*Asks:* 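Here it is: the structure, laid out below.
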Amino acid sequence: MLASIGYAVAYTAVGLALLALGYLALDLLTPGHLGRRIYAERSVSAAVVLAAGFLAQGAVVFTTIWTNATSGFGRALLYTVVFGVLGVLLQAAAFVALDLLTPGKLGALVTEVGFHPASLVSAAAQLAVAAIIVASIWP
């Protein structure tokens with residue numbers, strides 16, 4: 001049981017680091033400080049996009065651990081880091097692609113204080129990218 005507790009702590013630490021990396025990537029893609037937009041300005045749109053990013057990243061991390069845990073802790077942890085970073089990069093690429101394909105500046109639209117429908121589109125793109133990555137993970 002102690003080994004399992006250690007694995008849980010290690011996987012959680014990696015998962016939290018990947019969530020932080022995803023947050024920083026989204027913060028770079030949007031104007032201003034993302035945390036301030038959500039917590040001080042109460043931007044529902046920014047919260048929707050960030051929440052979807054967290055759920056998407058969590059799905060990638062979960063799937064990587066779940067499908068690779070029996071191959072040994074070190075290998076499974078490496079897969080988690082690699083696919084987690086890949087998830088952040090591909091979600092950022094999807095955000096940029098969506099920005100290029102749609103009118104306006106997506107970063108500005110999804111950080112408006114009021115609700116903007118673009119936040120749902122961006123959130124769906126993040127979840128779709130995560131679903132594609134999840135489907136590609138194989139031990």
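Everything numeric here is computed off the predicted structure, so don't read it as measured data.
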*Asks:* With sequence neighbours excluded, tell me which residues meet side chain to side chain contact (heavy atoms under 4.5 Å, CB included) with Arg36.
*Replies:* His33, Ala40
*Asks:* Kindly compute the distance separating CD1 (Ile65) from OG1 (Thr80), expressed to the nearest 0.5 Å.
*Replies:* 4.5 Å
*Asks:* Quick check: closest heavy atoms across Ala108 and Pro31, and the distance to 0.1 Å?
*Replies:* N-CD, 3.7 Å
*Asks:* For Gln91, is there any backbone N or O sitting under 3.5 Å from a side-chain donor or acceptor partner on Gln126?
*Replies:* no
*Asks:* Return the set of residues passing ring-ring contact (aromatic ring centres under 6.0 Å, His included) with Tyr7 (not counting sequence neighbours), or none when no residue passes.
*Replies:* Phe73
*Asks:* Drop me the distance from Leu89's CG to Ile133's CD1, to the nearest 0.5 angstrom.
*Replies:* 9.0 Å
*Asks:* Are Leu26 and Val85 joined in one hydrophobic group, where the rule is that I, L, V, M, F, W and Y side chains link up if heavy atoms are under 4.5 Å apart?
*Replies:* no
*Asks:* Quick one: name the residues clustered hydrophobically with Leu28, using the 4.5 Å side-chain heavy-atom rule over I, L, V, M, F, W, Y, and just say none if it's on its own.
*Replies:* none
*Asks:* Any idea which heavy atoms bring Pro103 and Leu109 closest together, and the distance?
*Replies:* O-CD1, 3.8 Å
*Asks:* Apart from Trp66 itself, what residues make up its hydrophobic cluster, given side-chain heavy atom links below 4.5 Å?
*Replies:* Phe62
*Asks:* For Leu98, enumerate each residue passing the side chain to side chain contact (heavy atoms under 4.5 Å, CB included) test, keeping only those at least two apart in sequence or located in another chain.
*Replies:* Thr102, Leu106, Val121, Ser122, Ala125
*Asks:* Starting from the C-alpha separation in whole Å, work towards a yes-or-no answer on side chain to side chain contact (heavy atoms under 4.5 Å, CB included) for Tyr79 and Ser71.
*Replies:* CA-CA 10 Å; Tyr79 268 73; Ser71 64; 5.7 Å; no
*Asks:* Between Leu127 and Ala52, which heavy-atom pair has the shortest distance, and what is it?
*Replies:* CD2-O, 3.7 Å
*Asks:* Tell me whether Val61 shares a hydrophobic cluster with Leu86, the cluster being built from Ile, Leu, Val, Met, Phe, Trp, Tyr side chains joined at under 4.5 Å.
*Replies:* no
*Asks:* Please identify each residue that fulfils side chain to side chain contact (heavy atoms under 4.5 Å, CB included) with Phe115, with sequence neighbours left out.
*Replies:* Val44, Ser45, Pro117, Ser119, Leu120
*Asks:* Closest approach of Val129 and Ala94, non-hydrogen atoms and distance?
*Replies:* CG2-CB, 3.6 Å
*Asks:* Please report the C-alpha distance between Gln57 and Val88 in whole Å, then the side-chain angles of each, then the deciding distance to 0.1 Å, and finally whether the side chain to side chain contact (heavy atoms under 4.5 Å, CB included) criterion is met.
*Replies:* CA-CA 7 Å; Gln57 191 65 14; Val88 170; 3.7 Å; yes
*Asks:* Is there a continuous path of hydrophobic side-chain contacts, each under 4.5 Å between heavy atoms, that joins Val96 to Val110?
*Replies:* yes
*Asks:* Not counting sequence neighbours, which residues clear side-chain hydrogen bond (donor to acceptor under 3.5 Å, both in side chains) with Glu41? List them please.
*Replies:* Arg37
*Asks:* Answer yes or no: is there a side-chain heavy-atom contact under 4.5 Å between Val49 and Thr30?
*Replies:* no
*Asks:* Can you tell me which residue pairs pass the salt bridge (Lys or Arg N to Asp or Glu O under 4.0 Å) test with a partner in residues 104-114, sequence neighbours excluded?
*Replies:* Asp99-Lys105
*Asks:* Specify the closest pair of heavy atoms between Thr64 and Asn68, including all atoms of both residues, with the distance to one decimal.
*Replies:* O-ND2, 2.9 Å
*Asks:* Can you list every pair that meets salt bridge (Lys or Arg N to Asp or Glu O under 4.0 Å) and has a residue in residues 46-68, with sequence neighbours left out?
*Replies:* none
*Asks:* List, one per line, each side-chain donor-acceptor pair under 3.5 Å for residues 10-25, sequence neighbours excluded.
*Replies:*
unit_1 : atom_1 : unit_2 : atom_2 : d
Thr12  : OG1    : Ala8   : O      : 2.7
Tyr23  : OH     : Gly35  : N      : 2.9

*Asks:* Could I get the full list of side-chain hydrogen bond (donor to acceptor under 3.5 Å, both in side chains) partners for Asp27, not counting sequence neighbours?
*Replies:* none
*Asks:* With a 4.5 Å cut-off on side-chain heavy-atom distances among I, L, V, M, F, W and Y, is there a chain of contacts connecting Val134 to Phe83?
*Replies:* yes
*Asks:* How would you list, by chain and number, every residue that makes a side chain to side chain contact (heavy atoms under 4.5 Å, CB included) with Ile38, sequence neighbours excluded?
*Replies:* Leu34, Ala46, Ala47, Leu50
